[in-house]
2 protein chains.
Amino acid sequence: MNVMSERGRPRTFDRNAALRRAMDVFWAKGYEGASISDLAAAMGINSPSLYAAYGSKEALFLEATDLYSRVEGADIWLALEEAPTARLAIERFLRRTAKAYSQTDRPQGCLIALGALHEDSSRGAICADLRRRRAENLTALKKRLERGVAEGELPADFNCRAAATFFATVQHGMSIQARDGASRAALLATVAGAMAAWKTMADTAEA
Amino acid sequence: MNVMSERGRPRTFDRNAALRRAMDVFWAKGYEGASISDLAAAMGINSPSLYAAYGSKEALFLEATDLYSRVEGADIWLALEEAPTARLAIERFLRRTAKAYSQTDRPQGCLIALGALHEDSSRGAICADLRRRRAENLTALKKRLERGVAEGELPADFNCRAAATFFATVQHGMSIQARDGASRAALLATVAGAMAAWKTMADTAEA
DNA sequence: TCATTTCTGTGTTGATCGATACATAAATGA
DNA sequence: TCATTTATGTATCGATCAACACAGAAATGA
């Protein structure tokens with residue numbers, strides 16, 4: 001398959017490197033704000049090469065968001081699985097979020113959260129895909145909390161869904177906070193606020 | 001002034017009613033997603049009438065967001081002043097937010113939070129205005145918490161800035177949550193999570 | 001009545017949008 | 001060598017963007 005595709009004139013640019021550049025543009029400007037001109041210029045190619053290699057703006061965005069989750073988001077969500085307790089898992093998840101969202105050498109906030117918030121007939125697939133990814137993230141949080149219940153760390157009647165919703169919402173808010181230029185310290189203050197809810201939530205469930 | 005302006009052919013549409021329609025379009029589609037065609041059609045006028053009455057798309061947006069804060073946002077922020085305690089003030093503020101963001105007869109989430117998140121040279125003034133409004137909201141929260149400290153409800157070393165940042169961030173996250181179709185119950189679960197942090201934050205400050 | 005002022009609807013402006021046509025270049029297999 | 005295949009650069013496509021020119025309509029004051 002791969003061997004057969006080596007016929008014809010070879011591509012003169014690195015497809016993965018160009019995709020990463022496209023990701024940065026979408027990340028900074030959002031889906032509608034990023035024009036084909038912007039993208040092609042950042043990728044160092046002309047628009048026909050872009051369309052030949054990726055198909056369309058929509059397809060390019062979908063590939064870019066996939067790359068984003070794998071490269072930029074992986075570390076954050078890995079914390080959920082690796083931490084020994086649910087409490088530590090949530091805390092590390094939020095702290096890594098604060099760190100990632102305040103990196104000064106890349107766009108602030110999250111591409112998944114901010115990439116395409118305004119639905120439109122011409123952007124239906126884009127919005128649906130981002131929504132699906134956000135829903136997956138919510139499920140990952142819920143699963144980790146449920147594991148905490150199963151392992152006896154949290155009371156049996158702990159509301160995992162509600163808690164997961166809360167922490168996911170805090171993370172989404174941090175994207176907007178980061179876009180407003182919040183410092184890492186300010187984002188960590190939000191993390192501290194969210195974690196302050198932990199004890200009360202666990203105790204309330206027991207009562 | 002007003003009398004002098006009554007010369008010439010009178011306007012055949014209600015300027016305020018049309019502005020409200022424009023607000024709804026910006027609210028649903030965001031600044032870049034709302035075209036002049038969209039706006040004029042929803043307002044029931046042609047684009048020259050739009051430009052004659054409001055000046056430009058940017059000026060129309062600024063008027064629309066001002067109307068939004070006065071009409072849609074007033075009730076939410078009034079809760080801060082009216083509640084007898086800081087704790088109740090924050091709780092009512094968040095509960096009214098949950099109610100407002102889940103109204104099914106209007107766009108979900110907040111125009112101030114979601115209207116223009118991606119900065120661009122052509123949208124600088126828009127983004128700056130929304131950022132200013134968000135900063136004002138943060139200040140209002142901080143002021144209310146400081147009043148709680150002054151009145152002895154909260155310990156003297158309570159970190160008002162950090163707490164205000166946390167609650168503002170939760171509200172911003174609720175906008176994205178609402179855009180994802182969250183029910184009022186789901187938004188109230190987030191409110192409960194945020195309020196669960198209250199006791200811990202107050203106690204930690206005392207320690 | 002009539003000059004002045006302001007608004008309305010039609011039609012259009014140059015710019016930019018996402019997406020391609022086309023000719024040429026550079027690789028392959030036969 | 002040469003037909004085939006794929007990529008590249010130039011130069012555009014029709015559609016839509018924000019904004020406006022212009023002429024006619026509807027009010028005013030004199």
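Predicted, not measured: the structure shown is a model, and the values here were computed from it. Computed over heavy atoms, backbone and side chain alike; hydrogens, waters and symmetry mates excluded. Lettering follows sequence order; numbering is per chain, from 1.
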For this session: Let me know the distance between OH of Y31(A) and C1' of dC17(C), rounded to the nearest Å.
Result: 11 Å
Exercise. Quick check: are there more than 12 heavy atoms from other residues, nucleotides or ligands sitting under 6.0 Å from CZ of R179(B)?
Worked result: yes
For this session: Grab the OH-P distance between Y54(B) and dC7(C) for me, whole Å please.
Result: 12 Å
Exercise. Please walk me through it: do E136(B) and R131(B) pass salt bridge (charged side-chain N to carboxylate O under 4.0 Å, His left out)?
Worked result: CA-CA 9 Å; E136(B) 279 179 9; R131(B) 250 204 298 274; over 6 Å; no
Write down the protein N/O and nucleotide N/O pairs, taken from nucleotides 9-12 of chain D, whose separation is under 3.5 Å; answer none if there are no such pairs.
| from | atom 1 | to | atom 2 | distance (Å) |
| --- | --- | --- | --- | --- |
| dG9(D) | OP2 | N46(A) | OD1 | 2.9 |
| dG9(D) | O5' | N46(A) | OD1 | 3.4 |

For this session: Look at S37(B) and dC17(D) and indicate whether a side-chain polar atom (N or O) is within less than 4.0 Å of OP1 or OP2.
Result: yes
Exercise. Within a reach of under 6.0 Å around CZ of R20(B), are more than 12 heavy atoms found that belong to other residues, nucleotides or ligands?
Worked result: no
Seminar exercise, completed: Atom CZ of R11(B) and atom P of dT28(D) are separated, to the nearest Å, by 15 Å
For this session: Just say parallel, tilted or perpendicular for the rings of F13(B) and Y54(B), cut-offs at 30° and 60°.
Result: tilted
For this session: Taking the six-membered ring of Y51(B) (Phe, Tyr or Trp), confirm whether the NZ or CZ of K57(B) is under 6.0 Å from its centre and within 45° of its axis.
Result: no
Exercise. Any luck finding a side-chain donor-acceptor pair between T165(B) and Q177(A) under 3.5 Å?
Worked result: no
Exercise. Any side-chain donor paired with an acceptor under 3.5 Å for R123(A) and H118(A)?
Worked result: no
For this session: May I have the distance from M43(B) (atom CE) to dG9(C) (atom P), rounded to whole angstrom?
Result: 13 Å
For this session: Could you state the atom-to-atom distance from CG of L50(B) to C1' of dA18(D) in whole Å?
Result: 10 Å
Seminar exercise, completed: Between CG of L39(A) and C1' of dC17(C) the distance, given in whole Å, is 12 Å
Problem set entry | Protein-nucleotide distance (D38(A), atom CG; dA15(C), atom C1'), rounded to Å | 14 Å
For this session: To the nearest Å, give me how far apart CZ (R123(A)) and C1' (dG18(C)) are.
Result: 13 Å
For this session: Check whether any side-chain nitrogen or oxygen of Y51(A) sits under 4.0 Å from OP1 or OP2 of dA19(C), and answer yes or no.
Result: yes
Close N or O pairs between protein and nucleotides 25-27 of chain D (under 3.5 Å):
| from | atom 1 | to | atom 2 | distance (Å) |
| --- | --- | --- | --- | --- |
| dA25(D) | N3 | R9(B) | NH1 | 3.2 |

For this session: Let me know which of F26(A), W27(A), Y68(A) forms a ring pair (Phe, Tyr, Trp, His ring centres under 6.0 Å) with F61(A).
Result: F26(A)
For this session: Assign A34(A) to base, sugar-phosphate, or nothing according to its heavy-atom contacts below 4.0 angstrom with the strands shown.
Result: sugar-phosphate
Problem set entry | Distance-only donor-acceptor check, side chains N46(B) and S49(B), under 3.5 Å | no
